[in-house]
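Some notes on the structure that comes next.
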Protein chains: 2
Amino acid sequence: MNKLQTDILEKGFKVTPQRLAILKYLKENRVHPTAEKIYSEITKEYPAISLTTVYKTLASFVEVGMVKELDIDPHKMRFDICTEDHNHFHCRVCDNVYDVDCDGSTITGDLHSSTKIEGHKVDTVDIHLKGVCRYCEAVSS
Amino acid sequence: MNKLQTDILEKGFKVTPQRLAILKYLKENRVHPTAEKIYSEITKEYPAISLTTVYKTLASFVEVGMVKELDIDPHKMRFDICTEDHNHFHCRVCDNVYDVDCDGSTITGDLHSSTKIEGHKVDTVDIHLKGVCRYCEAVSS
DNA sequence: GTTCGTGCAAATCTTTTGCAGTTTC
DNA sequence: GAAACTGCAAAAGATTTGCACGAAC
């Protein structure tokens, strides 16, 4: 019984090859993939999976907090294995999303589950940076 | 010649009743509406407008910087008349988006058009707060 | 064996596009 | 009158749903 299986069982899910493949992909590839990306990558080694299942599985994982939805990209949802707080940078050239460690604690440090800002109860704070990533910048200059 | 007309002309656009209606709505209703919302609100007083035109007009306004796209809401785009920097709070109960003045300058203050974070050139910083708004919180308690 | 998961096909929802006719300047 | 704008209908892209079959426990 490996770690992936345990993670799935702990949440009350049944262990299926599809779920293992998705979880494994997410853990090994921290690229904030879209559902389509996960699907196409997994299909390479594991053809017996459908896009529908990817969506349904991701929805289940999100519901129990294993995975986080990242709406930094205007027209499609991206998914991120939950880890400690970090923020995201979206490159408008290559469309990739990168983790960044910029100091958000100046804001997030003030926030707890009960924190209110202008009367609104704040659960999460996401900092979305946009621009041109180091790789695209290098190519264009 | 009123202010709305001037705003539109200055950007090199032709002044049409549709554009005036959209701009007027956006200026008077800072609720970060979706395209659909703008359409349905405008239609009440001005039935001769199509959703397609709303989308096309918004795209034009975004292109010249009059309007900003706000992707805080997972499945639909919201639009905001550009003003000075501010941040947004998305209520997961009523689905409304509110402006907030929480101090993002601790982060954004460090950022200029040439600022880099971990090598990435940062153009914009958006802080997205999510939770339950003051009104929904009041109702539920 | 029961419950849960999968996957097809079809539906839904938002947004975009092609194009012909209309309006603005 | 030329260039830009509008709006219909159709297309496109992402995601969801209904349902029958199959797998996990």
Side-chain angles (χ1 to χ4, degrees), chain A residues 1-2 4-23 25 32-43 46-64 66-79 95 97, chain B residues 1-2 4-23 25 32-43 46-64 66-79 95 97:
Chain A
M1 171 91 50
N2 69 32
L4 293 178
Q5 292 178 306
T6 316
D7 286 349
I8 294 174
L9 280 172
E10 270 174 3
K11 298 295 182 178
F13 294 127
K14 288 181 176 170
V15 177
T16 67
Q18 290 89 336
R19 288 184 169 164
L20 287 170
I22 292 170
L23 194 54
Y25 179 77
H32 318 88
T34 60
E36 177 64 43
K37 171 84 176 172
I38 295 170
Y39 171 69
S40 66
E41 289 298 315
I42 288 180
T43 309
Y46 185 84
I49 191 169
S50 77
L51 183 53
T52 303
T53 296
V54 174
Y55 274 110
K56 285 179 179 170
T57 301
L58 288 170
S60 304
F61 286 176
V62 167
E63 208 166 336
V64 298
M66 292 170 77
V67 165
K68 212 182 149 203
E69 290 181 305
L70 235 191
D71 57 350
I72 197 175
D73 189 349
H75 297 306
K76 37 190 185 287
M77 188 62 82
R78 287 165 176 276
F79 299 88
D95 207 40
V97 172
Chain B
M1 171 94 50
N2 69 33
L4 293 177
Q5 291 178 307
T6 316
D7 286 349
I8 294 173
L9 280 172
E10 270 175 1
K11 299 294 184 179
F13 294 126
K14 289 182 176 170
V15 177
T16 67
Q18 290 89 338
R19 285 183 173 167
L20 287 170
I22 292 170
L23 193 53
Y25 178 78
H32 320 87
T34 60
E36 179 64 40
K37 170 83 175 171
I38 296 170
Y39 171 69
S40 65
E41 290 297 314
I42 288 180
T43 308
Y46 185 83
I49 191 168
S50 76
L51 184 55
T52 303
T53 297
V54 173
Y55 273 110
K56 285 179 179 170
T57 301
L58 288 170
S60 303
F61 286 175
V62 167
E63 209 167 334
V64 299
M66 292 170 77
V67 166
K68 211 182 151 201
E69 291 180 306
L70 236 191
D71 57 349
I72 197 174
D73 189 351
H75 296 306
K76 39 191 182 285
M77 189 63 81
R78 287 164 176 275
F79 298 88
D95 206 41
V97 172

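Quick note on labels: first sequence line is chain A, next is B, and so on, each numbered from 1. What you see below is based on every heavy atom in this structure, not just the backbone, and it leaves out hydrogens, waters and symmetry mates.
Between the CZ atom in A:F13 and the CG atom in A:D7 there is a gap of 11.5 Å [rounded to 0.5 Å]. Taken from CG in A:L23 to CD1 in A:I38, the straight-line distance is 10.5 Å, to the nearest 0.5 Å.
Side-chain to base pairing of A:K14 with D:dA23: no donor and acceptor N or O lie closer than 3.5 Å to each other. Put simply, the side chain of A:K56 and the base of C:dG5 share no donor and acceptor less than 3.5 Å apart. Counting distance only, with no hydrogens placed and no angle test, the side-chain atoms of A:K76 and the base atoms of D:dG13 include no donor-acceptor pair under 3.5 Å.
Rounded to a whole Å, the OH atom of B:Y39 is 14 Å from the P atom of D:dT6. The CD-C1' distance, from A:E63 to C:dG5, rounds to 15 Å in whole Å. Atom CZ of B:F13 and atom P of D:dT6 are 10 Å apart (whole Å). A straight line from CZ of A:F61 to C1' of C:dG5 spans 12 Å, rounded to a whole angstrom. What separates OH of A:Y55 from P of C:dG7 is a distance of 15 Å, to the nearest Å. Per the geometry, CG belonging to B:D71 stands 16 Å off P belonging to D:dA14, to the nearest Å. The interatomic distance linking B:L58 (CG) with C:dT14 (C1') rounds to 13 Å, in whole Å. The interatomic distance linking A:D73 (CG) with C:dT14 (P) rounds to 18 Å, in whole Å.
Side-chain atoms of B:H32 and B:F79, non-hydrogen and from C-beta on, never get closer than 4.5 Å to each other. Put simply, the side chain of A:K11 does not reach to within 4.5 Å of the side chain of A:F61, judged on heavy atoms. Side-chain contact check for B:I22 versus B:I49: some heavy-atom pair is nearer than 4.5 Å. Looking at B:K76 and B:E36, their side chains never come closer than 4.5 Å, going by heavy atoms from C-beta outward.
Contacts of B:A48 with the nucleic acid, taken as non-hydrogen atoms under 4.0 Å apart, involve only primed sugar atoms and P, OP1 or OP2. Contacts of A:T57 with the nucleic acid, taken as non-hydrogen atoms under 4.0 Å apart, involve only primed sugar atoms and P, OP1 or OP2.
Of the possible polar contacts, none joining the B:R78 side chain to the B:L70 backbone as a donor-acceptor pair under 3.5 Å is found. Side-chain atoms of B:S40 come within 3.5 Å of backbone atoms of B:K37 as a donor-acceptor pair (strictly under, hydrogens ignored).
Taking the nucleotide of DNA chain C with the nearest heavy atom to each of A:P17 and B:A59, the more 5' of the two is matched to A:P17.
Taking side-chain N and O atoms only, B:T16 has a distance below 4.0 Å to OP1 or OP2 of D:dT6. At D:dG7, one or more side-chain N or O atoms of B:S50 fall inside 4.0 Å of OP1 or OP2 (strictly under the cut-off). Put simply, B:Q18 has no side-chain N or O that comes within less than 4.0 Å of OP1 or OP2 on C:dT23. For the OP1/OP2 pair of C:dT17 and a distance below 4.0 Å, the side-chain nitrogens and oxygens of B:T52 include no atom meeting the criterion.
Counting only heavy atoms from C-beta on, A:L51 has its side chain closest to D:dT15 among C:dT6, D:dT15, C:dC25.
Using five terminal pairs a side, the axes of the helix from C:dG1-D:dC25 to C:dC25-D:dG1 at its two ends make an angle of 30°, given in steps of 10 degrees.
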